[in-house]
Every structure is written in C-alpha cells, then in structure tokens.
Protein chains: 2
Amino acid sequence: MATIEDVAKLTGLSRTTISRVINDHPYVSEEKRKLVLEAMEKLGYVPNSSARSLRNQKTSILALFIPRITNPFFSELVEATEIAAGEHGYQLIICQTRYSPEKELNYMNLLKTKQVDGVILASIQNEWKKLKPFLQYGPIVLCNEFDDCANVPTVRLDQVYGGYIATKHLLERGHTKIAYCSGGYRSNVAKSREIGFRKALAEYKLTFDERYAFRDAFHIADGKRVFHQMMALSEQPTAVFTGSDEVAAGIISEALRSGYRIPEDLAVVGFDNQAITELTNPTITTVHQPVKQMAQKAVDIIIEKIQTKKYEGKEIYEFPLQLIVRASTVGSELHESEA
Amino acid sequence: MATIEDVAKLTGLSRTTISRVINDHPYVSEEKRKLVLEAMEKLGYVPNSSARSLRNQKTSILALFIPRITNPFFSELVEATEIAAGEHGYQLIICQTRYSPEKELNYMNLLKTKQVDGVILASIQNEWKKLKPFLQYGPIVLCNEFDDCANVPTVRLDQVYGGYIATKHLLERGHTKIAYCSGGYRSNVAKSREIGFRKALAEYKLTFDERYAFRDAFHIADGKRVFHQMMALSEQPTAVFTGSDEVAAGIISEALRSGYRIPEDLAVVGFDNQAITELTNPTITTVHQPVKQMAQKAVDIIIEKIQTKKYEGKEIYEFPLQLIVRASTVGSELHESEA
DNA sequence: CTGTTAGCGCATTCAT
DNA sequence: ATGAATGCGCTAACAG
C-alpha cells in the first residue's frame, strides 16, 4: 500500500507538497502538480482514511438512527439520507435501535469515540437528558422524531396537522365513531397526531373515546389484530385513523376477509403514502410525508453544525403534510387529493 | 477530549499499561487495572477510533452494496446484515449503487482508502475484472448476486431451483401459456431463474416464447405496465412468473382493475415472500428466500477473511428456496406450502 | 508485571 | 513556491 512518503520519493519532492496537491492547496506550481498526479496514478496511491481522520479530527461519516429499516417509512428516509450525505462527500452508518434504549445509548458512543462526525436521530428511545451529554462530542440533529426538551436542531413534519386533516376528512364524511390507532407510546410523533385527532373531534363536538384507542400498532399483523379488537366492541367504530399504511392495510385485509365492506362498513385512513396504498383494493386514503425534503434538510444542517462546531441551540424546521384521498374512505365516488 | 495520555498522567502509569487494560491484555495487576478503570471513568475517557484504526490498520466497518434500499428485499438484507455485523462489533456503511456502474466503482474506493475492512456485494453493476483489482485492498464477498468469474466467497440462493419450482407449480395447474417477467438483464440471479423457468417448461415439452418475456420489471408500476403489454398480445398468457412480489402485486392490482379474475383469468406467482403477499386480495403465491441466513453467513465469512487476510479463492455457500402457495395461483381451493 | 521508544499516514506550522 | 519538523492518539516491540 503506497503512502504519501512513496509519492514523495518517486517525485523527489517533500511529503508536504504531495499533501498540498491532495488537498488542492494553492502555491503549488502547475509543473510539480502534474508530476505528483502522475506519480500518484503510477503508484495507485490513495490517501489513507484513518490517517486523515486522525489528523483532521473528522471522519466524513454520519450515523442515522432508526428503529428498523424494514419499516418502509424508514427505508425511504435512509435512501434519501444516504443520497444527501453522499452529495456532501459523507458516508452513512445505519444504526437500528430496534426500539431499545440500551442499543440507542450504545450506538451513541460512535459519536464519543469519534467514529462519526454527527448523529441524526430519526427515532428517540431515551429521555433527552440521557442523550444530551453526547452533545459535547459532536452534533445531534433530530429528524422526524422530536423532543421538546432537546436543545438541538430539529427537522420535522407538522404531525398535529396530519392527525387533524386525516380525522377531519372522516368527520366530513359523516363519521362520529372513529377509532384511533397509532404506534408507540413514547413517540412525540404519535402524540402529536393524537392531538390533531382530538382537535378535529372537538371541532365536531365529539369527545375522545379511550375504548377506541389502540396505541400499540406498528405492523400489518397489528392491524389485523386491531381490526378484531374493534369489531369485538359493543359499539363498533365506523371509521379508523391509523399511524401507518401498513397497519391500515392489515385492517383492510382482515376486514375484507371477514366480509366487511371498505369503506361502507369501515372507513380507513393510513399514514405515509407508501406504495401499498395503491395496491390494495380499495386503495388507501393516507397522509403524504415529504421524507426526501426532510432528510435533505437534516443532512444540510448537520453538516453546517459540523463545520461551525456549534452544536447546541434549538432550531425547528417544519414541513407540511398532505392528505391523499383514495378509495378506503370515499368508496367508488369521485375522489381527489386535498391540500 | 481525554486521551490515553491523560489517563496515564492521572494514574501515574504509562500509556502502555492503559492500553493494556483497554485491550484486555493479560499481565496487568488487578490493582492497577482497577485504578485505570476508575481514572477512565472519571475522565470520561474513551479510545479514539481513528487513532486505533490507523494503528491497527482496521476500522471495524463493513460496506454493503445494494441497488436501492427501498426495495423490500434489500431492506430485509440490510436489516439482517446490520444485526449480524453488530454482533461481531462491526458497523455497517450503506452503499446504494442505484444500478450505476460508476457509483459502484466509486464506492469501491472505500476499500482502497481503508475506510472499511471489507465489502459485501449484494448486487453487481460491473464486470468482475473491473472489481477484482480492489481485492488487493481487502476482502470482497458476494451475497445474493454472483458472478461465475469471481474468485471470492459467494453466499447465494439456488435461483435456478426457485425459477423451476415456481414455474412447475404453474405447469402442474395446467397452464401452458406462461409469461416470464424479471428485473435486470445483467443480473445472474435473474438469469438463473430464467434457466429454471426454461427447465420446467422443457419438462412439459414447452418452448420458451420470447413474446411472453419481459425482462425490465422492477417495481409496482412495471407490473402494471407489463399486465397491459401481456393483454395486448394476440395470444394472452394464462399465467405469469415474476421476479418480485412488488411486480406481481402490480400485475394483480391492474388485472383486477381491468375486470380480470385472479387466478381464473391469470395466475400470478411472485418472488421474495414479502409482507404484501398476504395483504393483497388474492394473496400471492411466491418463493421464500432465507435472507437472514444468507446475510449472517456473508458476515461470518467476510470477518473470517478479514482475520486471515486471505481474500482470493472461490467458495460457494448456497441456501435453498421454498415455494409458498397462496391464492393468486390456486383460487379458493385448499392451498398449502410445498417444499 | 510495567515502562520506553518508535511509528501507523497525514496535514500543518514555521521556516526559507 | 517548497521543505523540515512536529504531533494527531494509539499499540507493539523490546527492555527490564
């Protein structure tokens, strides 16, 4: 493995000069620059990343924390984040916390040991006070998930509004018995949606009914289970708000299998606008989340923080959500997207 | 940021001794070991990763190459690989080639610059001769995708068998006009499945009909398009083999929308056994791929190669595939899994 | 069992 | 415009 020293010897120049051309410094004559470039090519020389990292105190690697990547929402987030990071010359390390506070804390050591230059948290498993101490080692940016206590940049979506427009849509279609279905008690994303859900109910003089609340639904199987739980109630809901398209799809699948009609017997609204919303029959009304924009912004910000070395300070960047009306709420009538 | 030197000073010991306790060396008295541990705790000391990487010529990072992570098959592969890597104390860098040979080659420099200890290729965008030179910098293991020319360990699935059993299933149900639908001309995975497909046809004295072949189907939208292309043929196929559940779902979705019955008018078999196969109506007959086992094996092998520093040499590890029969091929009759 | 010394590969003073 | 010297933080001979 050729080192900078080898290039220096071959060209008869000093390591300093080689380093200068590697880093595009000025004050290197065009003549010698060419000479060096040729020698590097000839030797197949490439700077050693570890050495540069040590010397520059910088790895050009970001860590992205997610619960699990097989959740399509997070897949999309990872895809967009990886691309955005790449555009800035950064690599991306994936950290699947699998909803475990311990795993999350453990991964945070990547920042402490300087294996990464910054951390993007797309989900949060610990109280902020447990995470905060790591701020002394590098920037942390919240993306998607958020925490009111956190004094760091936060890129998020207006989840209150998301819960609101989805619920209002159901209310406008005449539903009064609307079930609420979400994933994660700890998640502020879920809590915000519930606030929007309640706000919409309140506007229609309806109160939140705890019997209609299911806060442990993450996957398709959970949706299937929740469907049966709902139908076992004395007063069955006629509509259900869900926190993910997967859960919505699970509910719909099981409902159809049980002989229910969607949306006539049960209207369903999902969240995320995943590909499956156009595959199921009926297609699924959902809320679109601008994941790519969010990811791009989070990367831009964390790279700025890395450069300025100013890690603390709350900044909120919020992107809007959009209701996408499909057949799971409006049957065969004409349906259109609403803002 | 505390360094090893700080710990040495605080304890009055040498850096060597500190290093010894960090690395669990023998020959450190229990007394001093305690002393050091306390000092490290007090200073919040943690070894600097870059320095260790430089000194040890080892980063404890692996790179995983995939086309794009939003393909559920690759999401699952990433999930399993990240977990397996973590169990060995390795981090995982995601490299999305997006089907671009240039991007792939560019990411390969991670190996050359020693930013990663090894590369797992789950997809291949270049001829092996372009990739092979990187072997001098570290191990490359093929996982899922493969290349007959490649003289490196390969962990793969028996795709010929996969294509065979799926097709045979359709033949056994009386179909003779079976369309073939896959993604990727370059992919040996796709080519192998086609071999299996042809083999099954041959056993039934049928010949492969190029008019029924669609080799550019990756996503849901492609499935929708292919459905219409098939139905525009003078002699419409009565069954279709697809290379992914997403494509199968796209075909089914569009078929139902066009008033076709599945499987009566068109039997469809998918590939991957993704979650959507149980969501659509009808559910999708598919081929299960043991992704977790494959990922686990690939990680085990690459770590062994990193340790032994022997990178060249072909070794093939092959896992079996399994047909999962569902409603998209057998209608409402009793269906069961076959081996 | 412990310390001294050297060096991994690079970028940056500070000279000239 | 170029080079010599220094050190980023750590581990591994080699002594003792």
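All of these numbers come straight from a predicted model, not from anything done at the bench. Just the heavy atoms: all of them, side chains too, but no hydrogens, waters or symmetry mates, feed the values below. In what follows, chains carry the letters A, B, and so on, assigned in the order in which the sequence lines appear, proteins first and then strands, with residues in each chain numbered from 1.
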Residues that Phe319(A) engages under ring pair (Phe, Tyr, Trp, His ring centres under 6.0 Å), provided they are two or more places apart:
none

Judged by modelled atom types alone, do Thr70(A) and Arg68(A) share a side-chain donor-acceptor pair under 3.5 Å?
yes

Over the length of the helix from dC1(C)-dG16(D) to dT16(C)-dA1(D), how much do the five-pair end axes diverge, rounded to 10 degrees?
40°

Salt bridge (charged side-chain N to carboxylate O under 4.0 Å, His left out): pairs with one or both residues in residues 80-93 of chain A, sequence neighbours excluded
none

Under 3.5 Å: donor-acceptor pair, side chain of Asp117(B), backbone of Ser60(B):
yes

Any side-chain donor near an acceptor of the partner, Asn151(A) and Trp128(A), under 3.5 Å
yes

Shoot me the first and last contacting nucleotide of DNA chain C against chain B, ordered 5' to 3', at under 4.0 angstrom to non-hydrogen atoms.
dC1(C) to dG9(C)

Protein within reach of the bases, or only the backbone? For nucleotides 7-14 of chain D, mark each nucleotide 5' to 3' as B, S or -, using heavy atoms under 4.0 Å.
BBBBBBBB

Does Thr97(A) use its side chain to pair, donor to acceptor, with the backbone of Glu104(A) at less than 3.5 Å?
no

Polar contact flag, side-chain donor to acceptor under 3.5 angstrom, Gln159(B)-Gln289(B)
yes

How many Å lie between NZ on Lys9(A) and P on dA4(D), as a whole number?
13 Å

Do Tyr107(B) and Gln91(A) have side chains that approach each other closer than 4.5 Å (heavy atoms only, starting at C-beta)?
yes

Sequence neighbours excluded, the answer for ring pair (Phe, Tyr, Trp, His ring centres under 6.0 Å) partners of Phe218(A) is Tyr99(A)

Among side-chain atoms of Glu102(B) and Ser100(B), is any donor-acceptor pair under 3.5 angstrom?
yes

